[in-house]
Amino acid sequence: MSADHLVLVGLMGSGKSSVGRRLADALGRPFVDTDHRIERREGRTIRDIFASDGEEAFRDIEATVLVDVLSSTEPAVIATGGGIVTRSDNRDRLAEGRDAGARVVWLRASVDTLAARLTAGASRRPLLDGDVRERLTELDERRRDLYGAVASEVVDVDDRTLDDVVSAVLTATESR
Ligand code: S3P
C-alpha cells in the first residue's frame with residue numbers, strides 16, 4: 001500500500017467525491033471512488049445490490065474493494081462510501097494506513113448541511129429512503145466516533161465552498 005494515499009471519509013453528502021476529484025487534479029494523482037468501483041465490478045448500481053442482496057452483501061463487496069484500492073502502490077486520492085467505517089476490519093485497515101503515513105481526512109458536516117444537500121438527490125442512496133433528516137441523524141450518531149477513530153485530520157465543511165474545502169484539506173495534509 002502507498003503511504004501517500006489521501007483517503008476521504010464522512011457521511012453521505014459531505015462532499016467526498018467532488019472534493020476528492022478536485023484534490024486528485026490538484027495533486028496530479030488518480031482519483032478512486034469505492035462506490036464507483038463497486039458498481040463497475042458488480043455491473044449494477046448500489047441501489048440494486050442493496051435491493052437484491054441486502055446491506056451485508058454490499059458491505060462484503062465494499063470491504064474487498066477497500067483492500068484492493070488501498071493495496072495500490074501508486075499514491076491516489078480515495079473517496080470511500082459513508083458506511084465504510086461500520087466494519088471493524090475496514091477501520092483497522094484505515095487506521096493502519098494512517099499510522100503508516102497515509103492521510104485519512106474526515107469531511108465533517110452537520111446534519112443540517114447534509115439534509116439540505118441530500119433531500120433532492122436521495123434516490124441513489126438506499127439508506128436514505130424515508131425521512132432523510134431522521135436517517136442522517138441516526139447515521140451521524142452511530143458513526144461520528146468511528147470517523148474520528150480512523151481520521152488523521154478533520155475538516156469541517158459547513159458553510160464552506162468546494163474550493164474552500166479543497167484548500168483546507170490541502171493545508172491540513174501538507175502540514176503533516
Ligand atoms: C452508504 C453511503 C453511500 C454508499 C451506500 C451506503 C452509507 O456512499 O456506499 O449507499 O452507508 O453511508 P456515499 O457516502 O458516497 O454516498
Side-chain angles (χ1 to χ4, degrees), residues 5-24 30-70 76-94 103-151 153-158 160 162 165-166 169:
H5 285 323
L6 196 167
V7 184
L8 298 174
V9 299
L11 281 173
M12 296 177 259
S14 56
K16 297 171 302 247
S17 301
S18 34
V19 171
R21 243 179 249 114
R22 293 278 298 273
L23 285 168
F31 172 64
V32 181
D33 185 314
T34 59
D35 284 343
H36 291 165
R37 278 287 170 98
I38 292 166
E39 292 189 333
R40 204 172 71 195
R41 185 187 153 111
E42 291 292 303
R44 51 194 178 140
T45 63
I46 287 171
R47 177 167 280 283
D48 287 341
I49 301 170
F50 268 75
S52 23
D53 301 348
E55 179 170 352
E56 283 315 300
F58 170 80
R59 297 292 172 208
D60 289 341
I61 305 166
E62 186 178 51
T64 308
V65 164
L66 180 67
V67 171
D68 206 42
V69 161
L70 289 178
V77 176
I78 300 165
T80 58
I84 206 105
V85 293
T86 58
R87 287 254 173 120
S88 65
D89 282 358
N90 293 346
R91 293 199 298 277
D92 290 348
R93 288 197 180 99
L94 290 168
R103 278 76 163 169
V104 181
V105 181
W106 173 17
L107 296 185
R108 186 169 61 187
S110 67
V111 169
D112 279 349
T113 295
L114 299 173
R117 290 182 186 180
L118 289 170
T119 304
S123 63
R124 199 172 76 70
R125 295 167 162 106
L127 288 182
L128 293 184
D129 287 346
D131 184 318
V132 171
R133 174 176 289 274
E134 217 171 86
R135 298 292 295 124
L136 284 168
T137 304
E138 279 167 26
L139 294 172
D140 181 52
E141 278 167 9
R142 265 193 267 138
R143 294 179 180 170
R144 188 159 268 274
D145 291 348
L146 306 180
Y147 295 129
V150 299
E153 277 88 24
V154 183
V155 169
D156 283 305
V157 307
D158 291 342
R160 274 179 151 163
L162 179 56
V165 174
V166 171
V169 173

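Note that ligands are numbered from 1 as they come in the structure, with each ligand's atoms numbered from 1 the same way. Computed from a predicted structure; not experimentally measured.
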Atoms of ligand 1 under 4.0 Å from any heavy atom of F58, numbered from 1 in the order shown, are 9 (O)
**OP:** Decide whether the shortest distance between a heavy atom of R143 and an atom of ligand 1 is less than 4.0 Å.
**Re:** yes
Note: ligand 1 atoms sitting under 4.0 Å from heavy atoms of L127 are 7 (C), 11 (O)
Closest heavy-atom pair, R44 versus S52, reported as atoms and distance to 0.1 Å, is NH1-OG, 3.3 Å
shortest atom 1 (C) of ligand 1-to-protein heavy-atom contact is with G83 N, 4.0 Å
shortest atom 5 (C) of ligand 1-to-protein heavy-atom contact is with I46 CG2, 3.9 Å
- Message: Evaluate G81 for polar contact with ligand 1, using N/O atom pairs at a separation under 3.5 Å.
- Response: no
Between R41 and I61, the two heavy atoms sitting closest are NE-CG2, 4.1 Å
Sorted by chain and residue number, the ring-ring contact (aromatic ring centres under 6.0 Å, His included) partners of F58 (sequence neighbours excluded) come out as F50
of all protein heavy atoms, closest to atom 8 (O) of ligand 1 is D35 OD2, 2.6 Å
- Any side-chain heavy-atom pair of V69 and V7 under 4.5 Å: no
For P126, the ligand 1 atoms with a heavy-atom partner under 4.0 Å come out as 10 (O)
request  = Looking only at distances, please establish whether an N/O atom of ligand 1 is found under 3.5 Å from an N/O atom of K16.
outcome  = yes
TODO: Say whether R59 and ligand 1 are in contact under the criterion: heavy-atom distance to a ligand atom below 4.0 Å.
DONE: yes
Any N or O of R125 that comes nearer than 3.5 Å to an N or O of ligand 1? yes
side-chain hydrogen bond (donor to acceptor under 3.5 Å, both in side chains) filter on S88, not counting sequence neighbours, yields none
CG (L136) and CD (E141) are apart, to the nearest 0.5 Å, by 11.5 Å
Between V157 and the options R117, R108, K16, the side-chain contact (heavy atoms from CB on, under 4.5 Å) test singles out R117
| message | Assess, by modelled atom type and distance only, whether the side chains of D48 and T45 contain a donor and an acceptor separated by less than 3.5 Å. | response | yes
